[in-house]
Amino acid sequence: MEYLFAEGNGRVITGKDKLFGVNQLAKAAIKEHGKENVINASIGVLLDDDGNLIVLSSMIDVLKNMTPAEYAEYAPIAGTAEYLDVIKTITFGNHMPEGYIEACATPGGTGSIRNTISCYTKPGDSILTSNWHWSPYNVIATEIGRKVYTYQMFDDNDNFNFASFEGKINELLEVQDGVVIIFNAPAHNPTGYTPSNETWDEIIAILKRCAKPGKKITFFLDIAYIDFSGDSDKAREFLPKFGNLPANILTVVGFSASKGFTFYGLRTGAMLCVTSDAEIAAEFKRVTSFASRGSWSNSTRVGQIALAKVFNDEVLLAKVFEERKAYEDLLAARCKAFKEAADEAGLRTCPFNAGFFITIPCENEDAVNEELFKSNIFCIAIGGGIRVAISSITEEACRILPAKIAEAIKTING
Ligand SMILES: Cc1ncc(COP(=O)(O)O)c(C=O)c1O
């Protein structure tokens, strides 16, 4: 990659946006063939069955009742006092891990990823994530001079690949003092996978084994989809497992209000540390504020104020949860329909149980995806597979798609 005036600094900046390109094709197909004849499973936001963005009206009511000073004023760098008061409850609910917990507001979950990498790695270090992952992890890491290393997420039996996970952590710890691991769960993007309780126990046992004296592990838990991964209280049950870990394992939880509270564009999030060491927690507070100041300065105030109002008012909170429950059910019904139809069509998918996305592993994914275009079906080809956003299609489309994808794979790969 050559640059004219800009400095590449190890970044691959193609300017091509796969998602945007596919979405344009889907829009053109809708124009030509009508909405009812097109399945656009490329969009990673929650849409209703008519293709409109779902926005929680209970959250919007709160926004509409704010005074200008509440939304227009600067927020403190680490977040407003009201937000920091409720963020632990928003994130952990009834399942607070034991240990020292500090928080810093960030612009969406993205900000928490950026700050974790910048604060807990050295320039040139590699961070670790699974082979299936949200592609912006690469952008965020390379933008600040870090690299991405991956482990195989599933073994041949489609179980979590503990051996690969442990092996790659150890490989990195041989050449680095520490490693930041980015782990997206529950309802992983792009597979929809959620570890079981036993799987979490083994993951934590591996972290403890790998964190030898003199080495440090930062386990970044990206919970962007936690409020759309089944019952939101149950989905948090695993969180206390991150309490009381050895001091050389730091857990950082990345909270995002984008999905759970439909605040996508309001850029509201937070990063929270869980550590058994008071000084590491105090340092977290200092370094994350500094990193924020040096990148986006303070985060958007309006989302912080809105969330604080909701979590300080039982009636409002019940309203938000009740409204969201209906959409959780809508998404769960789509997920179930896809699973049943995939079983019927004999379509092999990555293991999934919830969330916005499902992934179908296949060879020649670009050709398979283009084959689907011929049937007016629009998904996203990602390295090694096809990503279907069930968040943006109807339950009926979820029933149709698996057979169509199986057929396209057969046409291309035989
Ligand atoms: C896996 C994952 N992590 C984090 C995010 C962060 O989103 P935001 O910055 O909008 O909160 C997203 C958004 O799509 C995501 O898919």
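Quick note: residue numbers are just sequence positions, from 1. Note that ligands are numbered from 1 as they come in the structure, with each ligand's atoms numbered from 1 the same way.
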Q: Just need the protein heavy atom nearest to atom 3 (N) of ligand 1, so name the residue and atom and give the distance.
A: D222 OD2, 2.5 Å

Q. Considering distance alone, does some N or O of N189 sit under 3.5 Å from an N or O of ligand 1?
A. yes

**Q.** F220 ring center near Y120 ring center (under 6.0 Å)
**A.** no

Q. What protein heavy atom is closest to atom 5 (C) of ligand 1, reported as residue, atom name and distance in Å?
A. W134 CH2, 3.4 Å

Q) Is there any ring-ring contact (aromatic ring centres under 6.0 Å, His included) pair reaching into residues 224-257, and which pairs are they, with sequence neighbours excluded? A) W200-F238, W200-F242, F219-F242, Y225-F356, F228-F356

Q. D155 side chain to N159 main-chain N or O, any donor-acceptor pair under 3.5 Å?
A. yes

(Q) With salt bridge (Lys or Arg N to Asp or Glu O under 4.0 Å) as the test, pick out the partner of E70 among K309, K64, R301. (A) K309

(Q) Among residues at least two apart in sequence or on other chains, which ones pass ring pair (Phe, Tyr, Trp, His ring centres under 6.0 Å) with W134? (A) Y137

Q. Is T110 touching ligand 1 with its side chain, its backbone, both, or neither, if touching means heavy atoms under 4.0 Å apart?
A. both

Q: Within a distance under 4.0 Å of any heavy atom of S256, pick out the atoms of ligand 1 and give their elements.
A: 8 (P), 11 (O)

Q) Looking at the rings of F165 and Y151, which for Trp means the six-membered one, are their centres under 6.0 Å apart? A) yes

Q. Between S292 and S289, do the side chains contain an N or O donor and an N or O acceptor separated by less than 3.5 Å?
A. no

Q: Starting from atom 16 (O) of ligand 1, locate the nearest protein heavy atom and write down its residue, its atom name and how far away it is, to 0.1 Å.
A: Y225 OH, 2.7 Å

Q: Flag the pair D227 and R236 as a salt bridge only when some basic side-chain nitrogen lies within less than 4.0 angstrom of an acidic carboxylate oxygen.
A: yes

Q. Which atoms from ligand 1 have a heavy atom of G108 less than 4.0 Å away?
A. 9 (O), 11 (O)

Q: Using a 4.0 Å heavy-atom threshold (strictly under), name the region of K259 that reaches ligand 1: side chain, backbone, both or neither.
A: side chain

Q. In the protein, what heavy atom is nearest to atom 8 (P) of ligand 1, and what distance, to one decimal place, separates them?
A. S258 OG, 3.3 Å

Q. Can you find a non-hydrogen atom of R267 under 4.0 Å from ligand 1?
A. yes

**Q.** Within-cut-off N or O pair, I113 and ligand 1, under 3.5 Å
**A.** no

